[in-house]
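Notes follow the structure.
Since we're looking at a predicted model, the values are computed, not measured.
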Amino acid sequence: MANGWSLIIGLIVIAVASVVAWLFSPKGENQTLWRSTLILSFVSCYLMWAITFLAQWHPLISPKRADIRPDRVPQ
């Protein structure tokens with residue numbers, strides 16, 4: 001079962017990947033573009049994953065049973 005440490009571990013992995021992208025991006029006139037693209041991609045993917053993870057971990061709306069109809073009264 002997933003817990004809160006998943007967010008911290010994911011953040012550490014993204015930070016390491018961003019540092020690696022910063023240090024090992026190809027040299028040249030497009031180096032800034034490479035760095036920006038890679039780091040923004042990593043951060044965007046992490047944010048999307050984290051938001052989805054948190055939405056499922058602590059849902060705002062609790063699920064309701066679908067087999068109960070409120071307009072029917074048992075006889």
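Counting all heavy atoms, side chain and backbone alike, A17 lies closest to F42 at O-CE1, 3.5 Å. Nearest heavy-atom pair, S6 versus W49, reported as atom, atom and distance to 0.1 Å: O-CH2, 3.5 Å. Nearest heavy atoms, R35 versus A21: CG-O, 4.2 Å.
Between V19 and F24 the shortest side-chain heavy-atom distance does not fall below 4.5 Å. Within the 4.5 Å cutoff, the side chain of I51 has no heavy atoms near those of the Y46 side chain. In this structure, the side chains of W5 and I8 come closer than 4.5 Å at one or more pairs of heavy atoms. Inter-residue side-chain proximity for L38 and V20 is flagged as unmet; no heavy-atom pair is nearer than 4.5 Å.
Residues L33 and W22 do not share a hydrophobic cluster, clusters being chains of Ile/Leu/Val/Met/Phe/Trp/Tyr side chains in contact below 4.5 Å. Residues V13 and L40 do not share a hydrophobic cluster, defined by chaining ILVMFWY side chains whose heavy atoms lie under 4.5 Å apart.
Distance check: N30 CG to T37 OG1 gives 9.5 Å after rounding to the nearest 0.5 Å.
Residue-environment remark: CH2 (W57) exceeds the threshold of 12 foreign heavy atoms within 6.0 Å.
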